[in-house]
Amino acid sequence: MRISESCAACLYDKQAKRTENTEYLAEIRKLLDERKETDTSPYMVYLFRKVYMKYFGAGADYTEIKKQYNDLVLGMEEKLRDEIRKDADPLARALIMARVGNYIDFGAMNHVDPQQFLELFSDTEMREDDIPVYRSFLEQCAAGSNFLLVCDNCGEIVLDKLMLEQLKLRFPHLQIKALVRGGEVLNDATMEDAVYTGLDQVADIVTNGEAISGTIYEMMPEEAKRVMDEADIILAKGQGNYESMSGQGRHVFYEFLCKCDLFTGRFQVPRLTGILIEEK
């Protein structure tokens, strides 16, 4: 997904809020001004992080925040699992709950409010505009053999686990894999988080090899490339994965909440609207 001028300005402003160091900000400006048309926001942030470490060392540590939100949703797990089981279409309900989990994003959100997150569970019904995409998703799962979930944030991955449980019940023939980040970046999910939350009990876990809040094929290790190439069905969670994966010629289902002006404008929806789309 191409970086618009408004998106570039937002990326710069976020860095300017971190520091007034003119040399650092000059390097950030240069990276943005010289970006290629194919560069994405997750890739630019990846480059910013390298520059930041040169000037200031490691950035903020999200270890406790990640644990906080993993534990918060793990504490809800049995209640939500029970709600899902009682639904007329458990997979549909689990898929929408997994989309609610995309709220927990310390990159796109200026402020993550646990109470607002919990309030989003008041509506986990599938909308009319979701249904055609969901039907196509079911058809692809019925026909395919290899399913890949491209994960996003901590906390969210507990809800992803509940969704994958239902996917396995509905389509027991599917071989399910999940792609996580290859290093610590913001509150994104890593291999350690996948094990901590039990995601590894419902999917084989693979990493993208980099501490990057997105999925850039050229940067992935060979195992991750193979897994993506062999996937018959890909479900990618979150704005960062959409930004870095869309327009690459792959058949992908995307699921996320619209959390910034770029996405609310692109999809013409209010903030925090859930999106389920298919890119063929």
Side-chain angles (χ1 to χ4, degrees), residues 1-70 72 101-117 151-157 180-190 192-193 207-216 219 237-244 256-266 271-272:
M1 182 175 170
R2 185 177 179 182
I3 300 173
S4 66
E5 288 305 317
S6 61
C7 185
C10 180
L11 287 169
Y12 180 84
D13 288 345
K14 284 186 176 181
Q15 297 305 308
K17 288 177 182 177
R18 300 180 75 183
T19 179
E20 296 180 353
N21 185 296
T22 55
E23 291 183 0
Y24 170 74
L25 293 176
E27 287 203 42
I28 297 301
R29 173 62 66 193
K30 187 171 187 291
L31 285 171
L32 285 167
D33 289 345
E34 296 179 358
R35 69 185 185 275
K36 300 191 294 293
E37 189 169 329
T38 54
D39 287 339
T40 61
S41 292
Y43 180 65
M44 297 309 298
V45 174
Y46 170 79
L47 296 180
F48 294 171
R49 185 167 180 263
K50 291 183 176 297
V51 179
Y52 188 92
M53 291 178 69
K54 181 176 76 171
Y55 282 90
F56 310 109
D61 185 353
Y62 283 84
T63 303
E64 288 304 313
I65 288 173
K66 291 169 68 174
K67 186 176 187 302
Q68 174 191 346
Y69 281 93
N70 279 334
L72 172 64
N102 190 239
Y103 172 86
I104 309 170
D105 185 343
F106 282 78
M109 298 280 286
N110 292 323
H111 175 64
V112 175
D113 180 359
Q115 187 57 42
Q116 186 174 39
F117 167 62
C151 299
D152 196 8
N153 303 308
C154 283
E156 180 179 0
I157 58 172
V180 296
R181 311 308 191 206
E184 296 292 337
V185 53
L186 298 172
N187 67 304
D188 288 23
T190 62
E192 290 76 13
D193 299 305
T207 84
N208 70 3
E210 291 282 354
I212 183 171
S213 291
T215 304
I216 299 176
M219 297 176 67
K237 300 289 300 295
Q239 292 184 168
N241 284 326
Y242 178 80
E243 288 176 284
S244 53
F256 50 83
L257 297 184
C258 292
K259 291 164 288 195
C260 69
D261 292 344
L262 177 67
F263 278 79
T264 58
R266 183 180 183 92
R271 183 174 173 275
L272 298 184

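All residue numbers in this chain count up from 1 along the given sequence. It should be emphasised that the depicted structure is a prediction, and the values quoted were computed from it without experimental measurement.
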Here the gap from Met109 atom CE to Arg271 atom CZ, rounded to the nearest 0.5 Å, amounts to 4.5 Å

May I ask you to test the Tyr46-Ile216 pair for a side-chain heavy-atom distance under 4.5 Å?
no

To the nearest 0.5 angstrom, please state how far the CD1 atom of Ile28 sits from the OH atom of Tyr12.
8.5 Å

With rounding to the nearest 0.5 angstrom, report the CG to NZ distance, Asn110 to Lys17.
5.5 Å

Let me confirm one number: the CZ-CZ distance from Arg18 to Phe48, rounded to the nearest 0.5 Å.
10.5 Å

Indicate yes or no for a side-chain donor-acceptor contact from Lys259 to the backbone of Gly107 under 3.5 Å, with no hydrogens or angles considered.
no

Apply side chain to side chain donor-acceptor pair (under 3.5 Å) to Gln116 and Tyr103, showing your working.
CA-CA 9 Å; Gln116 186 174 39; Tyr103 172 86; 2.9 Å; yes

Check the side chains of Gln15 and Tyr52 for a donor-acceptor pair under 3.5 angstrom, ignoring hydrogens and angles.
no

Would Leu32 and Glu27 count as a side-chain contact (heavy atoms from CB on, under 4.5 Å) here? Give the steps.
CA-CA 9 Å; Leu32 285 167; Glu27 287 203 42; over 6 Å; no

Quick one: do Phe117 and Val112 satisfy side-chain contact (heavy atoms from CB on, under 4.5 Å)? Show the steps, please.
CA-CA 8 Å; Phe117 167 62; Val112 175; 5.9 Å; no

Can you confirm whether Ile157 sits close enough to Asn70 that some side-chain heavy atom of one is under 4.5 Å from a side-chain heavy atom of the other?
yes

How far apart are the closest heavy atoms of Phe256 and Gln239, and which atoms are they?
CB-N, 3.9 Å

Nearest atoms (heavy-atom pairs only) where Arg49 meets Ala211
NH1-CB, 3.6 Å

Would Asn21 and Phe56 count as a side-chain contact (heavy atoms from CB on, under 4.5 Å) here? Give the steps.
CA-CA 10 Å; Asn21 185 296; Phe56 310 109; 3.8 Å; yes

Answer yes if the side chains of Asp152 and Asn102 hold a donor-acceptor pair under 3.5 Å, and no otherwise.
yes

Exactly one of Asn153, Leu186, Val45 clears side-chain contact (heavy atoms from CB on, under 4.5 Å) with Ser213, and that residue is Leu186

Specify the closest pair of heavy atoms between Pro42 and Ser244, including all atoms of both residues, with the distance to one decimal.
CG-CB, 4.2 Å

To the nearest 0.5 Å, how far apart are NZ in Lys237 and CG in Asp105?
11.5 Å

Would you say the side chain of Arg266 lies within less than 4.5 Å of the side chain of Tyr242, judging by non-hydrogen atoms?
yes

Carboxylate-amine/guanidinium contact Lys30 Asp33, below 4.0 Å
no

Under 3.5 Å donor-acceptor, Asn208 side chain and Gly182 backbone:
yes

Given the rule in the side-chain contact (heavy atoms from CB on, under 4.5 Å) test, do Glu184 and Tyr62 qualify, once you have shown the distances and angles that lead to the verdict?
CA-CA 8 Å; Glu184 296 292 337; Tyr62 283 84; 5.9 Å; no

Are the side chains of Ser41 and Cys7 in contact, using a 4.5 Å heavy-atom criterion?
yes

With side chains defined as the heavy atoms from C-beta onward, is the minimum distance between Phe106 and Lys66 less than 4.5 Å?
no

Close side-chain approach of Val180 to Asp193, heavy-atom, < 4.5 Å:
no

Between the side chain of Asp188 and the main-chain N/O of Arg181, is any donor-acceptor distance below 3.5 Å?
no

For the residue pair Ser4 and Arg35, what are the closest heavy atoms and their distance?
O-NH2, 4.1 Å

Between Leu11 and Ile3, what is the shortest heavy-atom contact and its length?
CD1-CG2, 4.4 Å

Could you measure the distance from the CG atom of Leu31 to the NZ atom of Lys50? Nearest 0.5 Å is fine.
12.0 Å

